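Down below is the structure, laid out as structure tokens.
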Amino acid sequence: MSKGNELSDAVKRSLERYIKDMEGEKPTYIDEMVLKNIERTMIETVLGHAKGNLTLAAAMLGINRATLRTKMQQLRIKG
């Protein structure tokens with residue numbers, strides 16, 4: 001199984017559990033919630049592996065340093 005499939009399966013399991021835990025309530029804004037949480041976790045994890053080096057983290061993410069800083073500000077991630 002590829003890493004992409006593992007990640008997809010983990011997201012699917014989490015979403016299914018989230019919807020089940022709503023106990024009949026209709027969840028809203030799932031797209032926004034999932035994207036913010038995945039992006040936050042991804043950036044925090046990569047920053048940890050890069051030991052806080054924003055240039056290295058940005059390269060690992062495939063974005064430029066300014067974009068990373070902007071995303072960190074939007075998600076309130078300390079650098």
Side-chain angles (χ1 to χ4, degrees):
M1 180 182 291
S2 75
K3 297 286 184 201
N5 288 341
E6 290 176 25
L7 180 58
S8 179
D9 290 344
V11 171
K12 181 178 180 180
R13 282 191 306 274
S14 293
L15 274 173
E16 287 174 348
R17 188 171 44 247
Y18 173 78
I19 292 168
K20 181 182 175 195
D21 289 347
M22 296 291 294
E23 297 179 349
E25 290 284 322
K26 294 281 189 229
T28 57
Y29 300 105
I30 290 176
D31 179 64
E32 181 179 327
M33 177 199 65
V34 168
L35 294 177
K36 275 187 178 178
N37 282 287
I38 288 176
E39 188 169 45
R40 170 183 291 282
T41 301
M42 177 183 64
I43 290 171
E44 289 174 341
T45 301
V46 170
L47 279 169
H49 283 279
K51 296 181 176 27
N53 181 321
L54 298 184
T55 301
L56 178 57
M60 291 171 69
L61 291 165
I63 59 178
N64 67 46
R65 190 175 184 278
T67 300
L68 176 57
R69 294 283 303 152
T70 299
K71 288 179 178 290
M72 288 172 65
Q73 290 172 346
Q74 289 170 344
L75 298 167
R76 295 186 177 105
I77 298 171
K78 297 190 191 243

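Here the structure is a predicted model, which is why all the values come from computation and not from measurement.
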Looking only at heavy atoms, what is the nearest atom pair of Met60 and His49, with distance? CE-CB, 4.2 Å
Nearest non-hydrogen partners of Ala58 and Leu68, listed with the distance: N-CD2, 3.7 Å
If you compare all heavy atoms of Ala50 against all heavy atoms of Ala57, which two are closest, and at what distance to 0.1 Å? CB-N, 3.8 Å
To the nearest 0.5 Å, tell me how far Leu75 CG sits from Asn37 CG. 9.5 Å
Residues Leu54 and Met72: closest non-hydrogen pair is CD2-SD, 3.7 Å
Please round to the nearest 0.5 Å and tell me the distance separating atom CE of Met42 and atom CD of Glu39. 5.0 Å
Can Glu44 and Arg40 be counted as an ion pair, charged N to O under 4.0 angstrom? yes
For Ile63 and Lys71: C-alpha separation, side-chain torsions, deciding distance, then whether side-chain contact (heavy atoms from CB on, under 4.5 Å) applies. CA-CA 10 Å; Ile63 59 178; Lys71 288 179 178 290; 4.2 Å; yes
If you measure from CE on Met33 to OG1 on Thr28, what distance do you get to the nearest 0.5 Å? 9.5 Å
State, without any angle test, whether Thr67 and Asn64 hold a side-chain donor-acceptor pair at a distance under 3.5 Å. yes
To the nearest 0.5 Å, how far apart are CD1 in Ile43 and CD in Gln74? 9.0 Å
Does the salt bridge (Lys or Arg N to Asp or Glu O under 4.0 Å) test come out yes or no for Lys36 and Glu32, once each step is laid out? CA-CA 6 Å; Lys36 275 187 178 178; Glu32 181 179 327; 3.6 Å; yes
Working to the nearest 0.5 Å, report the span between CD1 of Ile30 and CE of Met22. 7.5 Å
Would you say Ile38 and Val46 are hydrophobically clustered, going by side-chain heavy atoms of ILVMFWY under 4.5 Å? no
Could you tell me the separation between the CG atom of Asn53 and the CZ atom of Arg65, rounded to the nearest 0.5 Å? 8.0 Å
